[in-house]
Structures are given as C-alpha cells and as structure tokens.
Amino acid sequence: MPEIASRAHAEALTGITGEALDKAGIKLSDVDAFAVTCAPGLIGALLTGVNFAKGLAYSTGKPLVAVDHIKGHVSAAFIEHPELKPPFLALAVSGGHTSIMDVRTYTDFVTVGHSRDDALGECFDKTARVLGIPYPGGKEMDRLASLGDKTAYKFPSAALAGDNLDFSFSGVKTAVINTIHNAEQKDEKPAREDIAASLTDRVVRDVVAKTAKALELTGRKALVVAGGVAANSHLRRAFAEYCGKNGIALCIPSLQYCGDNGAMIAVAGYYEYLAGRVADLRLNADARSGKSRVGAENASLFPKTAE
Ligand code: KG4
Ligand code: ZN
C-alpha cells in the first residue's frame, strides 16, 4: 500500500528523529551531515525522507548526502567489523533485491550479478503467504525450515544456467506455490516444515554457488552478506561453512543490522561524505536505482560472446 507507507513515513519521521537524537545524547546542531536514502524503493516513502532530510540540511546549514539503500545494507558490515576494508565481494539479499556486488572502494560498488525477477526475500514472503503465514514470513520460514525434511520436495534451481552471476526466483516460487495448491486440491495438507526446509535448502545452495563463482572470478578474499535475508540462520551457516573451507573472511552483520535500519545509511553516508560526494537541495528520489548519483554500475565478469 504505497500511499499508506508514505503517510506512515510522514507521521513517524519527526518523532523518530527526536528519539534517535535522544538515544545518541546529541542535539541536532551536533550533526555534521545528513544522510538520506534516495533509491531504490517506494517512491512516496523515499520522497518523504528526502524532503525531510533536505529540510534538516537547509535549516542547519549542514551538508546533505544521498545514499543508495543497497549500498547501505552492505555498509552495515563496517559497523561491527573495523578490520573489513575494500576491495571485497558483497551479496545483498532483501525483500526487494538480490545482488552480488564487487565493492572496490567504500563508495564504488559494481553490480556483477542480480535477480532478473523476484528477490530472495520476496520468494520467502510469497510462499509463506500461501502457507498462511502473515507478511513478512521470511523469519517464520527460517524457523519452520529447521524442523522439516529438506529432501521432502525437489524444487527447481534459482541459479541461472550459463556464464552469468544472475538468479531467477520466480520459477522456484511458483513451483512451491503449485505444490501447495496441488496438495490442497487432493485434500492433503503438505507439511509446512518440509516445504520450508526444501525451499530453503534449494535457494541457499543456489545463492552460495553463484557467490562462490563470483569470488573465484574476482579473486576477492573477503565476503559481506547483508540485507534482511542475511538474518536467515541456514544462509548464515552455509556461508560460514563455505568461507571456512575456502579461506574467505566472512562478515555478516548481527541481526539488528541485517533488516532495514538507519545506522547502515549513516555509515554509507559517512563514506560518501568523506569521498566528497555531497548532494545539493535539488536531490530527487528514484524508485529503481540511484546509479548516476551514487556511483553504482553494472558490469559483467564474463567476456561478451561475438554477436
Ligand atoms: O532489508 P529488509 O529489512 O527490507 C528490504 O529492503 O526489503 O529485508 C526484508 C526481508 C523480508 O523479505 C523478510 O521476510 C526477510 O527480509 N527476512 C528473512 C529473515 N528475516 C527477515 N528471510 C529469511 N529468513 C529470515 N530469518
Ligand atoms: Zn532493505
């Protein structure tokens, strides 16, 4: 409900800003710069935040810094891992995005792989809904998966075939939903635990496999896994195992910094600010991505085949 989301932002922003200042024990005038998410997301909610931040910057005379939401998720890893320094590889998995990024500096992130349709979080949330689990169902799917038999169902791969680092989660999502509907038509009730365990096993293996391929191609020795779905216990365990065996330093933010939070935007904004990337008061929001403004770009690690 985009409009309700925008209204909720308008209602909450002032109060939550006051609360954050109180918790930090500082005054508005102590803030050196204001970082704000400008992309991607629901445009109404983004515009509410961008205009609020503009107001703060204008009234205090302090700089305004534009932050890409996905870069924010990855930057959350800097909070608890001071040893983490670019270059490294990052996997961002959230409700709206699934991207593999080559992080070259604190501000230059190059997308080398992504989902061509649904995001991983969306795949969990939509299959959870069909199982009668309220939105967002990702966390409950995680719990159920620990109780089920992961060999009960065989679902299609989300890792796209061929020389790419891309995913497609819509096929596996549809296969899960069809499995549930088919069982219901026969008056059977599929075990939610088994569905969750089989789906989780499938997508976790796919995500680890593509990320492993990206690590090999880039030669990076450190990996950040971030975003709401990085809270998934099965995903965390699988990456810990893979990285342990392959000599890759793994940084996954603790649970409080996986889901959307303001601290991650502040950290990303801090590095943008240090790099001199300050926005002006014409800053706009962008529902899809902030490529031109925040320096993200898409690249392929695979040589182009002759046309
Ligand atoms: O990053 P985030 O808070 O918001 C977006 O930017 O989308 O991610 C939210 C997503 C939702 O899809 C939610 O179901 C999922 O993260 N999520 C999980 C878990 N905790 C949150 N998915 C799987 N396992 C979890 N433990
Ligand atoms: Zn997010």
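Excluded from the calculations below are hydrogen atoms, water molecules and symmetry mates; all remaining heavy atoms, backbone and side chain alike, are included. When a ligand or atom number is given, it counts from 1 through the structure's own listing order. These numbers come from a predicted model, not from an experiment.
Remark: of the listed residues Val208, Val225, Val229, Val225 is the sole one forming a side-chain contact (heavy atoms from CB on, under 4.5 Å) with Leu91.
In the vicinity of Gly121, heavy-atom distances shorter than 4.0 Å reach the ligand 1 atoms 12 (O). Below 4.0 Å from some heavy atom of Pro136 lie the following atoms of ligand 1, by number and element: 14 (O). Within the listing of ligand 1, atoms 7 (O) sit less than 4.0 angstrom from a heavy atom of Gly96. Of all the atoms in ligand 1, the ones that sit under 4.0 Å from a non-hydrogen atom of His73 are 1 (O), 6 (O).
In summary, Arg220 and Asp102 engage in a salt bridge, as defined by a charged side-chain N under 4.0 Å from a carboxylate O. Taking the charged nitrogens against the carboxylate oxygens, Asp206 and Lys210 have no contact shorter than 4.0 Å, which rules out a salt bridge. Salt bridge status for Asp194 with Arg192: absent, with no side-chain N to carboxylate O gap under 4.0 Å. Salt-bridge formation is not detected for the pair Asp125/Arg129: no Lys NZ or Arg NE/NH1/NH2 atom is positioned less than 4.0 Å from an Asp or Glu carboxylate oxygen. Lys213 and Glu216 are not joined by a salt bridge, as no carboxylate oxygen comes within less than 4.0 angstrom of a charged side-chain nitrogen. Under 4.0 Å is where a charged nitrogen must lie from a carboxylate oxygen, and between Arg282 and Asp280 at least one such pair does.
Polar contact with ligand 1: present for His69 (N/O pair, distance under 3.5 Å). Checked against a 3.5 angstrom limit, the closest N/O atoms of Gly138 and ligand 1 fall inside it. On a distance-only criterion, Asp260 and ligand 1 share at least one N/O pair closer than 3.5 Å.
Across the listed options Ala119, Gly259, Gly228, Gly228 owns the non-hydrogen atom lying nearest to atom 17 (N) of ligand 1. Nearest residue to atom 24 (N) of ligand 1 from Asn232, Thr200, Ile133 is Asn232 (criterion: closest heavy atom). In the candidate list Gly72, Gly95, Gly137, Gly95 is nearest to atom 7 (O) of ligand 1, counting heavy atoms.
The ring of Tyr106 has its center closer than 6.0 angstrom to the ring center of Phe78. When ring centroids are compared, Tyr273 and Tyr271 stay outside the 6.0 Å threshold.
Using a 4.0 Å cut-off between heavy atoms, Asp142 contacts ligand 1 through its side chain alone, with no backbone atom that close. Residue-level proximity to ligand 1 for Asp125 is carried by the side chain, the only part with a heavy atom below 4.0 angstrom.
Taking the six-membered ring where the residue is Trp, Phe169 and Phe167 present parallel rings, their angle staying beneath 30° rather than reaching 60°.
Protein nitrogen, oxygen and sulfur atoms, that is N, O or S, within less than 2.8 Å of the Zn ion (ligand 2) amount to 3.
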Which donor-acceptor pairs under 3.5 Å do the side chains of residues 2-25 make with protein atoms, sequence neighbours left out?
{"unit_1": "Glu3", "atom_1": "OE2", "unit_2": "Arg7", "atom_2": "NE", "d": "2.8"}
{"unit_1": "Glu3", "atom_1": "OE2", "unit_2": "Arg7", "atom_2": "NH2", "d": "2.5"}
{"unit_1": "Ser6", "atom_1": "OG", "unit_2": "Pro2", "atom_2": "O", "d": "2.9"}
{"unit_1": "His9", "atom_1": "ND1", "unit_2": "Ala5", "atom_2": "O", "d": "2.8"}
{"unit_1": "Thr17", "atom_1": "OG1", "unit_2": "Leu13", "atom_2": "O", "d": "2.7"}

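Contact between Ala231 and Cys258 at its shortest, heavy atoms only, is N-SG, 3.9 Å.
The protein heavy-atom contact nearest to atom 15 (C) of ligand 1 is Val229 CG2, 3.9 Å.
In this structure, Lys139 is part of the shell of residues with a heavy atom less than 4.0 angstrom from ligand 1.
Under the 3.5 Å distance criterion, with hydrogens and angles disregarded, a donor-acceptor pair is assigned to the side chains of His234 and Ser146.
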